[in-house]
2 protein chains.
Amino acid sequence: MINEFPAALLPCATRASYKPGGLIFRVGSPSKAVFFVEAGAVRLMRRGRNGEEIVLYQARAGEFFAEASIDSVRYHCDAIATEATTVLKTTSADLLRLIADDPVFARQWISLLAHQLRAVRTRVERLSLKSASERVRHFLLAGASGADGDVKVNGTLKDLARELGLTHETLYRTIATMERSGQIARRGDGFRLL
Amino acid sequence: MINEFPAALLPCATRASYKPGGLIFRVGSPSKAVFFVEAGAVRLMRRGRNGEEIVLYQARAGEFFAEASIDSVRYHCDAIATEATTVLKTTSADLLRLIADDPVFARQWISLLAHQLRAVRTRVERLSLKSASERVRHFLLAGASGADGDVKVNGTLKDLARELGLTHETLYRTIATMERSGQIARRGDGFRLL
DNA sequence: CGTCGCATTGATATCGCTCAAATCCGGTGG
DNA sequence: CCACCGGATTTGAGCGATATCAATGCGACG
């Protein structure tokens with residue numbers, strides 16, 4: 001897995017900084033670049049016809065975003081910095097050149113895309129669950145990476161609610177109910193499945 | 001986009017046939033191969049804890065599946081033929097060799113993964129919509145490829161319901177309501193957004 | 001001709017959404 | 001240091017949409 005910006009691309013990359021709420025690109029604009037988050041966080045989102053926010057992806061430090069736009073003409077979503085953020089951006093052309101010239105990098109890039117694909121499919125699976133508590137349980141199972149089984153939540157619970165396809169009120173209530181009935185334990189921003 | 005099996009892989013590929021309902025691989029078994037559907041259809045699915053089916057992907061003729069398993073140890077879902085199906089299967093090792101040796105194929109494979117990624121993200125967006133009619137509308141907008149704006153539904157409406165994260169009863173009712181109120185038109189297995 | 005699965009519609013219950021209000025907490029400016 | 005502000009968190013009340021259970025028709029297929 002790539003979690004550093006490839007050195008071979010550094011010469012062609014440009015650095016950009018954004019304030020919280022800053023717009024990086026907009027849905028429908030020509031997709032010329034692929035991005036890498038150096039620091040901060042970026043939210044990829046679209047708006048439904050009623051104006052509700054749909055978060056497609058939340059990219060954090062060390063992650064690429066808009067990776068799939070290499071052979072797409074336009075961006076399919078808005079990209080907005082949720083905090084103070086610096087990104088590196090390369091043109092699709094440069095990236096394609098590196099892929100063509102460097103088989104090792106091509107292999108890494110394929111791994112990256114495959115990993116993303118598995119992650120998004122996991123999310124589809126989660127959103128296919130009909131009950132709120134099942135989604136929370138699925139989330140905790142998938143994220144069970146912490147040593148003691150604790151899952152740390154990045155960002156606010158409100159953000160998590162959006163990721164789970166729930167309103168924040170429902171998520172708060174669901175967490176409270178699951179905690180009371182002894183299904184999960186909570187410690188600060190960490191959760192554990194019991 | 002790749003819609004034929006790459007000739008360079010043919011020597012290393014093996015062909016297999018399955019009857020309707022035949023099991024191709026099971027969740028948790030070691031992922032050694034990547035598959036290509038020659039004819040028929042394959043459903044990638046998991047089961048929730050209540051036994052309900054969650055369809056992750058429906059692969060049809062000319063499509064790969066389990067593409068993301070190249071650098072994964074185990075399959076994360078079941079693969080089942082929904083009709084009489086023949087597949088070509090290659091080992092991950094052979095595929096990786098081709099990627100390393102043939103930059104043009106590597107490029108095509110990256111396009112394939114990027115395309116899959118966009119498709120799954122579209123589905124996440126759809127599942128994030130809270131109302132049944134919004135999901136139907138979103139589906140028809142995304143699939144608006146037909147000449148006269150008609151979207152042909154592959155498979156049964158029951159399958160579509162699963163893809164939209166709805167029960168089949170709700171989908172039937174939603175379609176009926178939208179048709180009565182003039183939002184969509186229906187002609188056999190084709191639908192149009194008005 | 002019987003069976004099986006899809007399509008369709010009805011009745012009902014439940015879960016999550018919506019609107020609303022109160023509290024908490026971190027940051028900011030005076 | 002304190003007052004204030006905005007956003008997150010939490011809980012309440014009520015409603016509506018969707019799931020669930022149930023029944024029927026229909027076509028395909030053996």
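Chain letters run A, B, ... following the sequence lines, proteins first, then strands; residues in each count from 1.
Between the P atom of dA19(D) and the CD atom of E169(B) lies a distance of 9 Å, rounded to the nearest Å. Look at CZ on F191(A): it is 9 Å from P on dT9(D), rounded to the nearest Å. Per the geometry, NE2 belonging to H168(B) stands 15 Å off C1' belonging to dC26(D), to the nearest Å. In this structure, K130(A) places its NZ atom 14 Å from P of dC17(C), rounding to the nearest Å. Rounded to whole Å, atom P of dA7(C) lies 11 Å from atom CG of D189(B). Atom-to-atom, CD of E52(B) to C1' of dA19(D) comes out at 12 Å; the value is rounded to the nearest Å. Between the CZ atom of R180(A) and the C1' atom of dT10(D) there is a distance of 11 Å, rounded to whole Å. Here the C1' atom of nucleotide dT9(D) and the CG atom of L166(A) are 16 Å apart, to the nearest Å.
Of the side-chain N and O atoms in Y172(A), none sit less than 4.0 angstrom from OP1 or OP2 of dT10(D). Between R186(B) and dT8(C) there is a side-chain N or O to OP1 or OP2 distance below 4.0 Å. Contact check, T167(A) against dG16(C): no side-chain N or O comes under 4.0 Å of OP1 or OP2. Taking side-chain N and O atoms only, T170(B) has a distance below 4.0 Å to OP1 or OP2 of dA19(D).
Taking only side-chain atoms of K158(A), from C-beta outward, the nucleotide of dT10(D), dA8(D), dA7(C) with the closest atom is dA8(D). Ranking dT10(D), dG10(C), dT8(C) by closeness to the R173(B) side chain, first place goes to dG10(C).
Each of S133(A) and G155(B) lies near DNA chain C, and the nucleotide nearest G155(B) is the one positioned closer to the 5' end.
G165(A) comes within contact range of the sugar-phosphate backbone alone, with a heavy-atom separation under 4.0 Å but no base atom that close. Among the protein residues, S131(A) comes within range of the sugar-phosphate backbone only, with heavy atoms under 4.0 Å from sugar or phosphate atoms but none that close to a base.
No more than 12 heavy atoms of other residues, nucleotides or ligands lie within 6.0 Å of NZ in K32(A), so this atom counts as exposed by the packing criterion.
For S111(A) and R107(A), the side-chain atoms include at least one donor-acceptor pair closer than 3.5 Å.
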D159(A) vs R43(A), salt bridge (Lys or Arg N to Asp or Glu O under 4.0 Å): CA-CA, chis, key distance, verdict: CA-CA 10 Å; D159(A) 292 338; R43(A) 177 175 298 167; 2.9 Å; yes
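Note: F25(A) and F35(A) have tilted aromatic rings, judged against thresholds of 30 and 60 degrees for the angle between ring planes.
Inter-residue side-chain proximity for T170(A) and L164(A) is flagged as unmet; no heavy-atom pair is nearer than 4.5 Å.
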